[in-house]
Every structure is written in C-alpha cells, then in structure tokens.
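Single-structure report; data block below.
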Amino acid sequence: MSEYVFALAVNGLVWGLIIALIALGLSIIFGLLDIINVAHGDFFMLGTVGGLVVAVGTGSFWLALLVVPIVGLLLGAVIERLVIRPTLRQASLTIVTTFGLSIIVQEMVRATYGPQPRRMAAPIEGTVPVFGIDYEIYRIAAAAFAAVCLIVFFLFLNRTRLGTWIRAARHDPETATALGVPVTRVCAFTFALGTAMALLGGVIAAPITTVEFRTGVDILPFCFMAVIIGGLGNLQGTVAAAIMLAVLEGLMTSVLEPTSARILSLGFMCAVLLVRPHGLFAGATR
Amino acid sequence: MSKLEHARNRTRIDRRSFLGTALAGGAAYVALARDMSAFAQAGGPIVIGHHCELTGGFASWGYWHNKCALAAAKVINEGGGIAGRKLELVTEDTESNPAAGARKLRSLIQRNGAAFVTGSVHSGIMLASIPVATELKTVYFSTGEATEATGEKGTRYSFRTGTDTYGLAAAGAPWAYQNLGKRWTIISPDYAWGHSHFKEHKAIIEKLGGKVNDPIFVPLDAKDLIPYLAKIPQDTEVLFSVFFGALSVAFYTQAKSMGLERTMKMYSVSGTIEAIAPADLKGAAEGVYIVENFPRMVKYKDDEFHRQFVKLIGTDDVHAREVGSERVNAKSHSWQSYENLFALKKAIEASGWKAKKDDQGVIEALEGLQMENSLGFPQGAKTLRKEDHSGIIDCYISRVQNDELHVIKKVSKEELVTHLPPRFDLSRQAV
C-alpha cells in the first residue's frame, strides 16, 4: 500500500468536488431536457479559457470567477434557443447536435485563442503538508468553493420559486404547464444554468489544470461516468458518484498502474449498469 | 437450336469469360494509369505531400510544421524549383489521430499524386503511416521521436532528419548522469513515445552505473497529476519528464506546486516545452534542463542561416515567439518540415529523378546524404545516416533561466555519434 494513500484520498475528494460541479451541470440538462450534451466538456473548456482571458485582462482572478459564469448563463440561453430547442425531446438527435456544437466550439477557440496550452497562475499561493505531501492551498480553497456552490445550488433548487418550477418541469412538464409554469422558459434557464456551472467549474479548475482548446475532451467521460453511476438525472447521486469515483481512482492509482485504475473504474461502472441499470442512487430519480 | 437461342448463347457471359475480361480490363487500366501518371510527372510540378497535425492535440506544433514547410516551398520555388520543376506542396491534416492520419496519407499519395511525403510529428501517426507509405512505395519523412520509425518498424522508405528517443538519450543522458544525478525516475505519458524514452534512457543510465526507478506512466487524458507525482520516490536525484502540450503545462505547474524541484533536478526533452514559452508557465519551468535539437535563442547558433530562417518563419530571436502573436515555434521539431523539402530537393537533383520509376535513385541518394549548414539546412550540418536513415545532428543541453532557454552545452554530431551506433540496416532492404 502506498505511503501516500491518505493524501491521495484527500486529493480525490478535492478533485471530485470540482468535477461534481461540472457533472451536476450535465445532469440537470439531461434530467430536465433529456439532452445528452456531448459539448458539456467544451463549455468547461470555455470556462478555463474565459477565466484566463479575464484574469489576465483585468488582473483579477476573482473578477473572472464572477464574470465568466454570467457569460456562460447568457451563452447557454443563446445556444438553447438556436441549437437545442429545435431538437428538444429527441435524445438521439441531441447527441449529433451537441457533437457538432462541440467541434464548432473547439475549432473556434483554436482559431481565435490559438492551439498552444497555457497556465493560469493560482490566485492563492503556497502549500500545506497533507499526509506527507506538500499540497496546494489553492486546491483546498477551490474544493471548498465548489462545495459552497453545490450547497447554494441545492438550496436554490429546493427553496426558491424558480427551483420549484425546475423540479416541477422535470417531474411532469404537462401538469406544470397546466398550472402556469412557463416550461419553455424554465427549460431555457436550466440549460443556461447547466452551461454556467460548466464554465464556473472551468474557472475554478484552470489554475490546477491546463488551459487549451481540447481541455474539455478528456473531462467529459469522467463526468458521464458520474452521471451514469449516480443515476441518470439524479442530481444528488451525480455529486456523490463524482466524489466517490475521484476518491476511488485516486486510491487505486496509488497501488496500481494508471491504466489498471481506469479499467477498474470502468469495470465498476459496468457492474453498476448491470446490477442497478438506473444508477446507484436511482431511488431519487425524478 | 432456334436463331433466338443461338443469339442468346452468343451474348451470354459465363463466369470464366467475365473474370477474364475483368482481369484484362483491370490490368489495362492500371498500366494506363501508371503511364499517365509517369507522363504527368515527367515535366510538370513535383508534388510533395505534407502530412501535418493542423488540428487535434498536436495542433500547437502542427501550426509551425505547416509554416516551415510552406516557407521551404516558397524558398525552393523562388530559387528555381527542384531540377527546374515547380514544387507543389499539398497538405493534409492528420487531425492528430493515427487512424485519420493513415487515411490522409493514402489520400495524399493516391488522390493528390504526392511523389514524396514529409510527415507527422505524432509518433502514433508516424508508426501507422510507415506501413502505408511502404505499401505505396513512397518515401516518407517522419518528424516524430519514437525510435521504431527508423528502427524495428522502419523500412527502406522511412527517413528522419531529426533525433529519435535513441538519439536524444545519447545526446543528453550521459551529461545529465554526470552533472545532475545518478538515481533517476522517469515520468511520461502512457504511450509509444514515453515508453520509448524510458527504454532508451534506462539502458544508458544503467550502463553508466546509475539506478533507474520504476517508470511512472500517466494516462494521456489525465488532468490531475498529483496521484502520479506522489509516486515519485523520495530518493530520486533526477526526475526525467517526457510530456507534450497540455500535459506538459499540467506537469510543470503541479510539480512546482509540490516543490519537487527543491529535492531533485528536473530534466526533460525538448518536446516537453515545445511551443510553450517558459514565461507563459509563470516560473513553473524555472531551472529545468532540456535537450534541444535547435537552440531556441538565436545567439546560441549565431550565423546568417539561422537568422534568415528565423526571419522567414517570423519569430523573435529570444523566445521563438511569432511576431504579432502569442504562439511559440515548436522549433526543435518544426525545422525538419523545412529541411526535409531541401533534403528531397538535393536527393532528387543528385539522382536525376524524373518520375516515380526513379524512386530507387532518390532513396540511394538520401542514404548517407550530407547536408551543409546553409539556408536550406539552418539547423546545421548533418548526415542522414545510411544504415538507419536517421539524422546525425548537433544537439544542445539548455536550462530555463529567467524564463529563457540558455544553452549550457552543445553536443556536437561527432560527439553524439560515439554514443549512437546504428542498430538497424534499412539500406539492405529491397525497394
């Protein structure tokens, strides 16, 4: 057993909280709109690029953290109106649509921002010892911020009128419409919210990872795994699954080759699909 | 037999006659097409394909390979072309994907009629392409580093003017062993290029008496490297990292945040910092030692050819950054896309090549080709070794100091070759 097993478990928890924020965006879009959003990773990438551009342009990372999700909200609303709405409720068609969107977003960033990878400096410097390794303070702050965002999201979903409308539209759109809920606008807002969460995750993760036009490609499968294991459309399940997967993979990496660790993660997902086809936490779905 | 039945029998085609007719027709078509191709190439432009990563994971390098190849074609055509014929450069995007790359190579050769191809810097694409180029009997210059391309998977048609993992290990490992430390750990991506570096460096370090710990291979899609960095043994004196693109940035950033440079020397190959300015890493690469093929700063190969080349490509003299943009030249590799066209020009003219049927002459001219330091070969004088079709070139060991790559030792091609005996003789294969 690796001597750093506890440190890697902590790191998995930290990374899992950040991933959970991104996967949650994917999950609410699927849960309400039945859209399998293949472009979600690219929205995350837009968050990293946008975060760097704003942080460098204004000299303030904190401003980027505020501005970029708002831009994401607007961008999501525009994309929902132009790209998503024409294919709404046709899950298979949305895969094709969002795949095209993914290529367009990536190539637009490559053509304008350039293909070279860049680094965003962490706004909080320094390390603290965590079970034998020097651990970045920023990572801990990022995880704490992601956790706060998750709490705020669930409070919003459960304690506000708009949140109630979103839940109502997810549960039974026809009855919600009959009761006066503006379901079309709720759908547009939900897609915009999911997009904004991906961009927010991008800004938070940018100082940890790399900023480039393909950053979103690799993060998408992990998010999908969290959504599938958590139960399609099950928001709490997605968060729990993202954290669980990150911790498990971190722990397995400490004792196994990375490829074996990934195979075990995928094997775990297959087992969940076989034993509980609706996900580990399917009971709470819809 | 009625007249009608007789007529039917005369027009009915049995299986044997159908096959015979089809085979004869096919053979006639192939012969005609070959003659037409030869005729078309005899006096017209010489089509050379460029197999390049314009999109995908290697796009930040591919941009420069494309720019260098275009610059070389321009210089060659302005100087009268190749043997008086215009060079027509046709570029195909490999998408940084081996399957797409192999398909695009066929397109270059079969659809665009490329007589020769200068190719991919992506090791996976390069290794997928060599069998295709060999099958289509077309000379293929690769620019990637996996040693197999001019080794066990090389053929009479595969060439490389730059260094491979074998050459880079020979250039840098003995010096790094003497000056940086004797206990090594290698961290690299979990694919051909990284594995190849591990194998070659381990062989040299262990031969010198050093110790190489188990390698740490990182999946290509990893975003968080902490689980892998935590596995680096504490007794490591030299951490040898082999990454590219986004993984490089992630590695330098996260290694710096863990303070690894405080307890071990950081050593890399040029690919790890290719197309990246150290300044853009905000100090994360400070102090790292790197083996280069072509010094990034002009002052370390201060001659008119280097200066002209830099001017042609449009970069500054210090960071190799494009004038007017933030892009940084992938200089230790992209020069090959420039020089390969000049190497082909030299071989075509020396052999008197007129058409595809004369390819053997070009191959024989390339085997052992001497290239002098000139505008065509600004990286420096070099030899394309006959046996393994590999470039024997000057290399440089540099260090990132104040966000600049300063050369601290030049490894001359004469010194390099003493550590680099040929392990394969591709020149004995039939054409």
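For a residue to count as touching a neighbouring chain, one of its non-hydrogen atoms must lie under 4.5 Å from one of that chain's; by this rule B:Ile276 touches chain A with the side chain only. For chain B, no part of A:Glu125 is nearby; none of its heavy atoms comes within less than 4.5 Å. Heavy-atom distances place the backbone of A:Pro207, and not its side chain, under 4.5 Å from chain B. Of the atoms belonging to B:Leu54, it is backbone heavy atoms, and not side-chain ones, that fall under 4.5 Å from chain A. For a residue to count as touching a neighbouring chain, one of its non-hydrogen atoms must lie under 4.5 Å from one of that chain's; by this rule B:Leu220 touches chain A with the backbone only. For A:Gln116, the parts lying near chain B are the backbone and the side chain together; criterion is any non-hydrogen pair under 4.5 Å. With a 4.5 Å cut-off on non-hydrogen atoms, A:Ile208 touches chain B through its backbone and its side chain both. For B:Ala275, the part lying near chain A is the backbone, with the side chain staying farther off; criterion is any non-hydrogen pair under 4.5 Å. No part of B:Ala330 comes within reach of chain A, as not one of its non-hydrogen atoms sits under 4.5 angstrom from that chain. In this structure, the portion of B:Gln234 lying under 4.5 Å from any heavy atom of chain A is its side chain and not its backbone.
Between B:Trp193 and B:His197, the ring planes are perpendicular. Angles over 60° get that label, and only those under 30° would be called parallel. Below 30°, between 30° and 60°, or above 60°: for B:Tyr267 and B:Phe240 the angle between ring planes is between 30° and 60°, a tilted geometry.
If you tally non-hydrogen atom pairs under 4.5 Å between each of B:Arg327, B:Lys223, B:Gln254 and chain A, the highest count goes to B:Lys223. Residue with the most contacts toward chain B among A:Thr215, A:Thr127, A:Ile219: A:Thr215 (heavy-atom pairs, distance under 4.5 Å). Interface check for chain A: of the options B:Gly62, B:Gly57, B:Ser248, B:Ser325, the most heavy-atom pairs under 4.5 Å are formed by B:Gly57. Comparing B:Val328, B:Asp280, B:Leu281 by how many heavy-atom pairs each has under 4.5 Å with chain A, the most go to B:Leu281.
A salt bridge between B:Glu237 and B:Lys265 is absent, with no side-chain N of the basic residue lying under 4.0 Å from a carboxylate O of the acidic one. Here B:Glu95 pairs with B:Lys104 in a salt bridge; the nearest charged N to carboxylate O distance falls below 4.0 Å.
For an aromatic pair to be called close, the ring centres must be under 6.0 Å apart, and B:Trp61 with B:His65 fails this. Aromatic pair A:Tyr113/A:Phe213: centroids not less than 6.0 angstrom apart. Centroid-to-centroid, the aromatic rings of B:Phe294 and B:Phe309 come within less than 6.0 Å.
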Open item on the list: Using the rule given for side-chain hydrogen bond (donor to acceptor under 3.5 Å, both in side chains), can you reason through B:Glu53 versus B:Thr94, listing the C-alpha separation, both sets of side-chain angles and the distance that settles it, and then say yes or no?
Closed with: CA-CA 5 Å; B:Glu53 285 66 46; B:Thr94 68; 2.7 Å; yes

Task: Stepwise salt bridge (Lys or Arg N to Asp or Glu O under 4.0 Å) test for B:Lys67 and B:Glu322 - done: CA-CA 11 Å; B:Lys67 200 167 183 179; B:Glu322 189 172 40; 2.4 Å; yes

